[in-house]
Amino acid sequence: MTALAVSSAEVQQPGAVQRNLGFVAAAILAIFWLAPLAILAMNAVKTPAEYLMTSNLAPPTTFNLLPNIEHAWAKGLSGGFINSLLYGLVGSAGAVGLASLAAFGIVRLKIPRGLFWFLLIYSGTIWPFQMYLIPLFNAYLQTGIYDTKVGMIGFYIAICIPFCTFVMRGFFLTVPWEIQEAAYVDGAGSWTVFWSIMFPMARAPMILLLLIQFTWIWNDLLFGLVLSKSETVRPVMVALVGMQGVYGAQDAPSVIAATLICSAPTLILFLFLQRYFVRGLTLGVGGGR
Amino acid sequence: MTDATTTPQTMSTARPEARSNVRLIQRVEPYLYVLPAAIFVVAFLLYPMVLTLIRSFTHDDGITAPEFVGLQNFVDLFNDPHFLLSLKNTLIWTIAAVVLPVTLGLVFALTLDGVRWSGLFKSVIYLPATVSAAAVGIIFSFIFGYENGALNALLNIFGIHSIRWLFEAPINTYSMIGAYTWQSTGLNMMLFLVGLQGLPREPIEAARLDGCSGFGLAWRIIIPMLMPYVVIATLLAVINGFKVFDQIWVMTQGGPGRSSETLAVTMYREGFVLFNQGYSAAIAVIIALAALIFSYFYLRSVLDQERQI
């Protein structure tokens, strides 16, 4: 009896030590990983004068966060923030809507040469963004949608469609055919099948896609730089980078506060909806947009 | 009961032309669903892509009419020291983007898997991935700052002189890669955690009973089984590392001079600052070729993996 107890303790002990070691290692990693954000937060509350006189590592002696945020907001962030909210919401919703329709048409209505249509749309994810930039810029200038909100939204919808179509196609392939056949027998048209039957069922993948695409649009810098220039149109990241260029040296705390504000929406989305993000990862195996 | 089945029949026997109308609608219908998305993709993505390809064979400064020059742009590129340096930087970026975030992601996944509070730790490591590359660039511009940046302050504590992290090549490239690693490790870690969850438990338990544990267990048993995920993560890292733009544009704009440019930055500078549109398009085509090759292998290994599951 006692021998048994001893031996089981012997077996358990190294495991316990290892588990504690693992915990300590993980905690150190996490603290190290959080350090840049912690330093940033510390410096967002300093006054510009204090920032210039102390090192970034020195804890703040003043609390100037609200005036810093006010400065950042007034110095051009407000426009970008509201623009990007609009682009993110309309762009992601538009893309998810159009992609769902397309995937429905390809999978459920069995459009002739369905694979061709799917690959045509999906091929939009293969090309690096650099392949689009110059002709888009020229065409936007020629058609007069350069530096307009319509132009920005149109592009964001287009760039988000391919990945959404990929995911929605995957979803529609899993829906049982009996449901659709039963609806047809009852005299329902294809639109009724899509709107009243498929749409409510597809809520989970759609929310996931809205999340991913909103984050992508919100974080975009490159296309904002190329397709817009005025404060009333440019998205939030372009506004932020512009601020750093102009005020980075003399009013660093405001720029740091601005960085925090611009990162807040996607950070909050992630913290509240983590589970969906992780599921999204397994969906597209990290699929970009 | 019989109502539903008989109505279409009576309709079709009574009015043949109505039936052919229904058929026509049924044939046209799918296109109404698919075409809007297809038109968006063709107009905003595929059509510009084709134009870039054509433009890469022309001399085009955006002012005079473009002129067909064949492969001249590509020949010029490989004689252009700016481009060659940019290509070298891109290769450094790509290699580093594979080695650092993928290796760290794997190490972190193995460390965090099954540890107490692992959910919290995973979220912390993944957090930077939700921040934009532009914001990461700004965060690290301050941390790498020369005058009172956090990193130099830390060095000064140990009596080491301040370093010009972002204003000298090649150290600025390494600094930016450090920031990139901070952001992209989380994604790789999540990918490996997904892989770890799918592993069969029996071989691992068997190895444990044989006295295999810790590093040995990871190196001999777990990592070989994770190999498909390592391949996927590596290819993804190559594709992303090849296209890095935002962070470099924010942190150094490719400077000082043009010393820290990568292909994506060189392409932007040639096209939108110097207005050599044909030349810039040729760089875009080179980026696309590289991305295509690796995307092909990436998609193939993802599909293989999905087939196994």
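A, B, ... follow the sequence lines: proteins, then strands. Residue 1 opens every chain.
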Among [options], residue most engaged with chain A (heavy-atom pairs, under 4.5 Å):
options	result
B:Ala153, B:Ser118, B:Ala150, B:Pro128	B:Ala150
B:Ile157, B:Leu112, B:Ile283, B:Leu127	B:Leu127
B:Ile239, B:Ile139, B:Val250	B:Ile139
B:Val131, B:Leu51, B:Ile125	B:Ile125
B:Gly145, B:Gly149, B:Ala290	B:Gly149

Problem set entry | Non-hydrogen side-chain atoms of B:Asn240 and B:Ser184 separated by less than 4.5 Å |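 Sidechains of B:Ser184 and B:Asn240: no contact.
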Between [options], which shows the greatest number of heavy-atom pairs under 4.5 Å with chain B?
options	result
A:Ala35, A:Ala95, A:Ser190, A:Ala264	A:Ser190
A:Leu109, A:Ile161, A:Ile134	A:Ile134
A:Ala139, A:Cys262, A:Pro112, A:Ala25	A:Pro112
A:Ala30, A:Ser55, A:Pro36	A:Pro36
A:Asp220, A:Asn138, A:Val226	A:Asn138
A:Met131, A:Met237, A:Gln244	A:Met131

Contacting moiety of [X], where chain A heavy atoms sit under 4.5 Å:
X	answer
B:Phe242	neither
B:Met267	side chain
B:Phe142	both
B:Ala291	side chain
B:Arg55	side chain
B:Val34	both
B:Val42	side chain
B:Leu193	neither
B:Tyr268	side chain

Donor-acceptor under 3.5 Å ([X] side chain, [Y] main chain):
X	Y	result
B:Thr111	A:Ala26	no
B:Asn148	A:Tyr51	yes
B:Asn156	B:Asn152	yes
B:Asn276	B:Glu270	no
B:Thr90	B:Leu263	yes

Which portion of [X] sits near chain B, non-hydrogen atoms under 4.5 angstrom:
X	answer
A:Leu120	both
A:Ala258	neither
A:Thr165	neither
A:Ser263	side chain
A:Tyr122	side chain
A:Trp191	both
A:Phe118	neither
A:Tyr140	side chain
A:Phe155	both

For this session: Using side-chain hydrogen bond (donor to acceptor under 3.5 Å, both in side chains) as the criterion, list what pairs up with A:Arg169, not counting sequence neighbours.
Result: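 Once residues adjacent in sequence are excluded, A:Arg169 has no partner under the side-chain hydrogen bond (donor to acceptor under 3.5 Å, both in side chains) criterion.
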Exercise. Is the centre of the A:Trp218 ring less than 6.0 Å from the centre of the A:Phe270 ring?
Worked result: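 Between A:Phe270 and A:Trp218, which both carry aromatic rings, the centre distance is not below 6.0 Å.
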For this session: Could you tell me if the ring centre of B:Phe140 sits under 6.0 Å from that of B:Trp182?
Result: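 Yes, the ring of B:Phe140 comes within the 6.0 Å limit of the ring of B:Trp182, centre to centre.
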Please give me the minimum heavy-atom distance between [X] and [Y], naming the atom from each residue.
X	Y	result
A:Ile256	A:Ala44	CG2-CB, 3.8 Å
B:Asp246	A:Leu221	OD2-CB, 3.5 Å
B:Val136	B:Ala179	CG1-O, 3.9 Å
B:Thr185	B:Gly105	CG2-N, 3.7 Å
A:Gly224	A:Tyr156	N-OH, 4.2 Å
B:Ala37	A:Ile121	CB-CD1, 4.1 Å

For this session: For residues 26-43 of chain A, pull every pair meeting side chain to side chain donor-acceptor pair (under 3.5 Å), keeping only residues two or more places apart or in separate chains.
Result: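 Checked against side chain to side chain donor-acceptor pair (under 3.5 Å) - neighbours excluded - the pairs reaching residues 26-43 of chain A are A:Asn43-A:Lys46.
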Exercise. Within 45 degrees of the axis of the six-membered ring of A:Phe172 and under 6.0 Å from its centre: does A:Arg108 put its NZ or CZ there?
Worked result: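 No; the conditions do not both hold, so A:Arg108 does not lie above the ring face of A:Phe172.
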